[in-house]
Each structure stands twice: as C-alpha cells, then as structure tokens.
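Below, chain A is the first sequence line, B the second, and so on; all start at residue 1.
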Amino acid sequence: MPESDRVTRMENSEIAAALLEIGELLEIAGESVFRVGAYERAAITIRSLSRDLGDIYDEGSLKALQSIGGIGKSTAEKIEEMLTTGRCGYLEELRQSLPASLVTMIQIPGVGPKKIKLFYDELGIESIDQLEEAAKTGGLRELKGMSAKSEENILKGIAAYHEHHERILLSDAYPLAAKIVGELRRHPALEQADMAGSLRRFRETIGDIDVLASSAAPEEVMDAFESLPQVAEVIARGATKSSVRTRAGLQVDLRVVAPHEYGAALQYFTGSKAHNIHLRELARKHDLKISEYGVFQMPAEKRIAGATEEEVYATLGLPLIPAVLREDTGEIEAAAEGRLPKLLGVDDICGDLHVHTNWSDAMPTIEQVAEAAIELGYAYVAISDHAFKLPVAGGLTPQQLEEQMDAIAAANEKYPEITILAGSEVNIDNDGNVDFDEELLARLDVVAASVHAGFGQDRAQITARTIGAIENPHVEIICHPTGRILGKRDPFAIDLDAVFKAAAEHNTALELNSFPDRLDLKDDYLREAKRAGVKIAINTDAHHAEQLRFVEYGVVTAQRGWLEAEDVINTYPLEKLRGWLGRGSTPSL
DNA sequence: GCCGTTTTCGGCCCGACTGTTTTCAGTCG
C-alpha cells in the first residue's frame, strides 16, 4: 500500500473507539447485553494490541482479523470497512437513529442506558447540560420511576462527573489508598484489610479505590471508614459495603466480609472483571460456583473454599495467579499449563540508567544522585543528561559533556560503594542521527536516545528515525519509545512492530520509563517486545533525587508486561551489564 | 456478537445497593 494511503488509515485507537460507540449506542437502544458486551470486549482487545490492525489485515485479510480473540465475522467486516474506507456505515446508521451525544451521559454515575433512553424518548434530552437543566427545574420527576430524590441524585452525579470524570494516575491513588488501609488496620475490630481492584493490579490509571476488609463487626469498621478525615460524602451504605467520595473527588468503596470469606472476596474484588468472568466460566465446567463468598460445589452449593486466594485458585487446579496478571490475557491458560512467568521485583533492580542532574534541566547534583542510588542499594547509576540539540532542557555541549565525565570520575572516587556511569540522553533528529561525534559517544559508558521533537510526524518518518537510532552502534537504549504522556499527549504514530524487530536484531534495549505519567513502554507493549526478543531497561528519568523511587512504578508495570529479571538489563550485575553494553569493563575515566 | 472436551444453537459470572417498587428494575463492579 502506498504511503499516502497509509497516512489516512484509521488507527487501532480510532477503530476501538468506533466499536465502543457502537456498543454504547446499542446499549441505549436496549439491545442484548451480550451483543453490547461483544463490542466492548472487541474494543478493549484492540486497544491492547501492539500491532496495527492495518498490518494484520494486509497480511491475512479478514481471516487474520478473525483470529484475534473476541473478534468474529461481523466485527472483522466492520474493521475491514474502516481500514479500507475510513468509515463505518453501521455506526453512521446508529447515529441516525440515536444522537451520538447520548453516549457521554453513560459516564454520569447513577445514570445508565435505560434512563438515558427514557429521558431521550420522553423529554428529548440529548446532552448532559440538558439533563442538568431538566433535573434542576423538576422536569424529570413526572417520568415513570423518577422522583424529586432521583433528580437530586442525578445532579450529584453530574457534579461528580464534571469534577472527576477522568481516571487518575496510579501514583496519585496509591498513597491515598495506602493511608486509608493503614488507618483501617489500626481499628481494633479489624482482622484484615487490603487494597483491591485496579489499584492492586497496579494499572497505570485508576477509576476508583477499592478496599477490602474482614471483621466480625462490619458496622464498626464501616463507621470508622466513613469518619476518616479524607471522606467528604457517603454515597451508599449497606450491610457489607460502603461507598464514599473523598474531598479530592475520588470514590472509595469498602467491602467488609467475614474472615473465612476473605480470600474469595479479595479474589473477586481484585478483578479484573474479564479475569473473573473467565474464572467463573471455568468453574462452571467443573460443577463449581465461584462468588465473593467462596467456592461452592454444585448443585448442592456445598462450600469448599474461600479463606484465602490460594484456596480459590486451587479448587480449579491452578496456582495463585499474581494480581498484576489478572487481565484475562492468557494468564489462566498459562497457570493451568504451569508457565506463569517468574516476575521480577524491585529487589532485582541493580541500578538506574537514565537520571538527570543540575548539569542540564534537573535539580540534583551528581553527588546527590549517587547518594540516592546508594540508599536504594544500587550497584550502579548512569548520569544521562540532555544533549545540546535540546537547548530548552539545558543540553550539554561536547565540551560540557567532557567536563561532566571528569566530574563523574571524581564522584566515583568519592563513592566507592557505587559505580557512577557516564551517559547521555541524546536526541534523535529527523534523519535518525544523534548529538555528538562517534569518538565522544564511544567514550561514554552508556548512550540513551530519545525523540524529543516532531511528535506529529507520520508513521513512516517517526518509525524510520527511531530505527535509525536503534541501528547506531553507539546507542544502547531508546527512551520512552512512544512519547505518550498520560492524560496529556497521545503516543506518536510509531510502528512498534518494526521497532521491536530492529531492536531485537541490533541488540538495542527499549526503555520502560518509570515516570508515573509516562510508563512508556506500557504493559501490553512490553509483553510484545519480550515476545520479539527485545531487552528492556527500567529507568526513572528522574529530575529530582527522590524520583529514583519511581522505579517501583516501572517494576509493577514490567510485571504487568510479564517480564522476568533476565528480560531487563538493569537487573544485571555491573560486569554483566558492561558485557551487554559491549563497551568492555574498563571504566571510562 | 462470540463461541464450542456436553453445543454451529443456545447459552453467555454473580451479587449488592438504591429507589420506588408491593416484587423489581436499574446501576455498578
């Protein structure tokens, strides 16, 4: 296919969005929940693909599309239409019968497809603003099943939507959740408490915080929970469950169960939804029923497990599946076949290969970086400041880089307990070349290269640039390969498949940037990279000494990508790392 | 709409809470 056509071709994210919208419109129209769910599942699957649907289609046409799990004939045909024409006739038809703006109302807490349909049919309401107006003027209470109370709740839901309809970063949610769990654990009536939900799975963004507790006195625990200083409002309260909204606008759900049910509840409450559905389907085939209360032998409903998660999985003949893997992307099959990965941990990390100092745009001195790295128990840390073609970040000139190498040599004298590596984060220009001449690059311990400009370039160009850097024998790591910033900037249109292939061939590592709003490469892509034989470097890109601790977010993301220690070059001891870098064992002084 | 070690048709995970319901629908996770 000529490049000019390729540029206009719909991308995975656009196709996924179209399928999701189809599902949402069908849901509002009152279609079967299974049909709706099929579109939703297809959209989720497509979002997690690292390969472009266009490439898959070019290679194997409709049949290749259908070989993707959850995509059948009908969806494959719609994808084909979108790829070849850039349009989806079925979606356009649906938009004729129902206004597309209705789908945004699904995001209002407490408002679902049935009510949206009701408001549209009876009152012609098509937008959140119109709904708000109707609720304020008492226009909804006349409708069947509605009252003044319902209007009040809808207004609350709209306020919550405006305040907080985007997911928040893992790094924002985690400390808050840890504090809440910590406070609950101090309560005398409490037996156990843990985070659950997407937070326990360490997803990169979090919709709400789920907390699970066990106690013989649930009322007391829920009272204590609702009295926490962070709580602004109690949304719902039942016998076992309490939902609150924090002052920051975040919803926190607490579920309190009996101690003997804790494992089943933790399993259920951790999710993901798709993992649980798959697990429960599997259970049914074994004449078992899994719920948050336990595992039951059917049809007698005899309870056979539930105190621990291990027990729950064991009833299906499975080992405990780590929470980070529970996304129904093959972990249940892998567990059954005894091939779950041996996930790496923070303790496996021996050093950080991408840290900035006050020589360029960051705060800490070389010495402060060294001390922070020593505190983390690292064997090495690489100073990789910006290079001169990025003047906005105070990039180092060749002269300054040489001076910095001397300063690093001096710091190595001062801190014998750690090896400070001389590195650089060079810029990949439009032709795939990088800063500094070969002689200078060769004298460094490690060179990392990044795309820092031209994010909007087309796929061919941005891919070619990156591959140019991968092929450069002096470049060992490609930093933040997709350039995304969560909530701010989309990934650029890079062909990761081609990048993985080149990186594997030239033995160039790709970075997992641990900055909480980057996490780039992301989990799904890490897994694809591993399959392609690519090595990963889990770096922080720290600009403050404290940010070296962001490595924890990188490690959990790596776990979600099924990575093992051997896949990650900075789990290697110094000599092995030097061997991999191919720069010999003589420090560059 | 998808899918198949009971099926190419007939299923599709399971339960809590709210509000307005006198037995349940809608929403949520």
Report yes if at least one side-chain N or O of [X] is closer than 4.0 Å to OP1 or OP2 of [N]; otherwise report no.
{"X": "A:Thr75", "N": "B:dG1", "answer": "no"}
{"X": "A:Asn153", "N": "B:dT18", "answer": "no"}
{"X": "A:Tyr268", "N": "B:dA16", "answer": "no"}
{"X": "A:Thr240", "N": "B:dC17", "answer": "yes"}
{"X": "A:Lys115", "N": "B:dG26", "answer": "no"}
{"X": "A:Lys241", "N": "B:dG29", "answer": "no"}
{"X": "A:Arg35", "N": "B:dG1", "answer": "yes"}
{"X": "A:Arg255", "N": "B:dG15", "answer": "no"}

[N] versus [M] - spacing of their [atom1] atoms, nearest Å:
{"N": "B:dT27", "M": "B:dT21", "atom1": "P", "answer": "16 Å"}
{"N": "B:dG10", "M": "B:dT6", "atom1": "C1'", "answer": "13 Å"}
{"N": "B:dC14", "M": "B:dT8", "atom1": "P", "answer": "23 Å"}
{"N": "B:dA16", "M": "B:dG11", "atom1": "C1'", "answer": "25 Å"}
{"N": "B:dG4", "M": "B:dC13", "atom1": "P", "answer": "14 Å"}
{"N": "B:dT7", "M": "B:dC2", "atom1": "C1'", "answer": "14 Å"}

For [X], answer base if it contacts any base atom (sugar-phosphate contacts may also be present), sugar-phosphate if it contacts only those atoms, and nothing otherwise; contact means non-hydrogen atoms under 4.0 Å.
{"X": "A:Val111", "answer": "sugar-phosphate"}
{"X": "A:Ser150", "answer": "sugar-phosphate"}
{"X": "A:Leu19", "answer": "nothing"}
{"X": "A:Ile71", "answer": "sugar-phosphate"}
{"X": "A:Lys285", "answer": "nothing"}
{"X": "A:Gly69", "answer": "sugar-phosphate"}

Next on the checklist: Can you work out whether A:Lys273 or A:Gly70 has the more 5'-proximal nearest nucleotide on DNA chain B?
Outcome noted: A:Gly70

Item to check | Contact nearer the 5' end of DNA chain B, comparing A:Tyr90 with A:Ile116 | outcome: A:Tyr90

Next on the checklist: Set out, in order, the CA-CA distance, both residues' side-chain angles and the distance that settles side chain to side chain contact (heavy atoms under 4.5 Å, CB included) for A:Leu344 and A:Ile538, then state yes or no.
Outcome noted: CA-CA 11 Å; A:Leu344 86 165; A:Ile538 302 179; 3.9 Å; yes

Could you tell me the separation between the [atom1] atom of [X] and the [atom2] atom of [N], rounded to a whole number of Å?
{"X": "A:Glu281", "N": "B:dG4", "atom1": "CD", "atom2": "C1'", "result": "12 Å"}
{"X": "A:Ile235", "N": "B:dG29", "atom1": "CD1", "atom2": "C1'", "result": "13 Å"}
{"X": "A:Arg237", "N": "B:dT18", "atom1": "CZ", "atom2": "P", "result": "10 Å"}
{"X": "A:Ile209", "N": "B:dG29", "atom1": "CD1", "atom2": "P", "result": "14 Å"}
{"X": "A:Ile44", "N": "B:dG1", "atom1": "CD1", "atom2": "C1'", "result": "15 Å"}
{"X": "A:Lys73", "N": "B:dT8", "atom1": "NZ", "atom2": "P", "result": "19 Å"}
{"X": "A:Glu24", "N": "B:dC28", "atom1": "CD", "atom2": "C1'", "result": "15 Å"}
{"X": "A:Gln251", "N": "B:dG29", "atom1": "CD", "atom2": "P", "result": "6 Å"}

Checklist entry - Where do A:Leu279 and A:Arg284 land on the side chain to side chain contact (heavy atoms under 4.5 Å, CB included) test, with the steps shown first? => result CA-CA 9 Å; A:Leu279 206 66; A:Arg284 284 167 59 105; over 6 Å; no

Item to check | Worked verdict on A:Thr557 versus A:Asp523 for side chain to side chain donor-acceptor pair (under 3.5 Å) | outcome: CA-CA 6 Å; A:Thr557 301; A:Asp523 44 20; over 6 Å; no

Checklist entry - Are A:Ser214 and A:Glu261 close enough, and set up right, to give a side chain to side chain donor-acceptor pair (under 3.5 Å), and what steps lead you there? => result CA-CA 8 Å; A:Ser214 69; A:Glu261 298 165 342; over 6 Å; no

Checklist entry - Got a sec? Which of residues 299-323 of chain A come in under 4.0 Å of DNA chain B, heavy atoms? => result none

Checklist entry - When A:Glu564 is tested against each of A:Arg339, A:Lys530, A:Arg527 for salt bridge (Lys or Arg N to Asp or Glu O under 4.0 Å), which residue passes? => result A:Lys530

Next on the checklist: Determine whether A:Tyr293 and A:Tyr268 satisfy the following criterion, ring pair (Phe, Tyr, Trp, His ring centres under 6.0 Å), listing intermediate values before the conclusion.
Outcome noted: CA-CA 9 Å; A:Tyr293 297 108; A:Tyr268 156 73; 8.7 Å; no

Checklist entry - Centre of A:Tyr120's six-membered ring, under 6.0 Å away, within 45 degrees of the axis: is that where NZ or CZ of A:Lys117 sits? => result no

Checklist entry - Does A:Lys78 make a cation-pi contact with A:Tyr90, if we ask for NZ or CZ under 6.0 Å from the ring centre and within 45° of the axis? => result yes

Next on the checklist: Any donor-acceptor pair under 3.5 Å linking the side-chain atoms of A:Thr205 with those of A:Arg167?
Outcome noted: yes

Checklist entry - What is the pairing partner of B:dT8, taking Watson-Crick or G-U wobble pairs with both distances under 3.5 Å in any strand? => result none

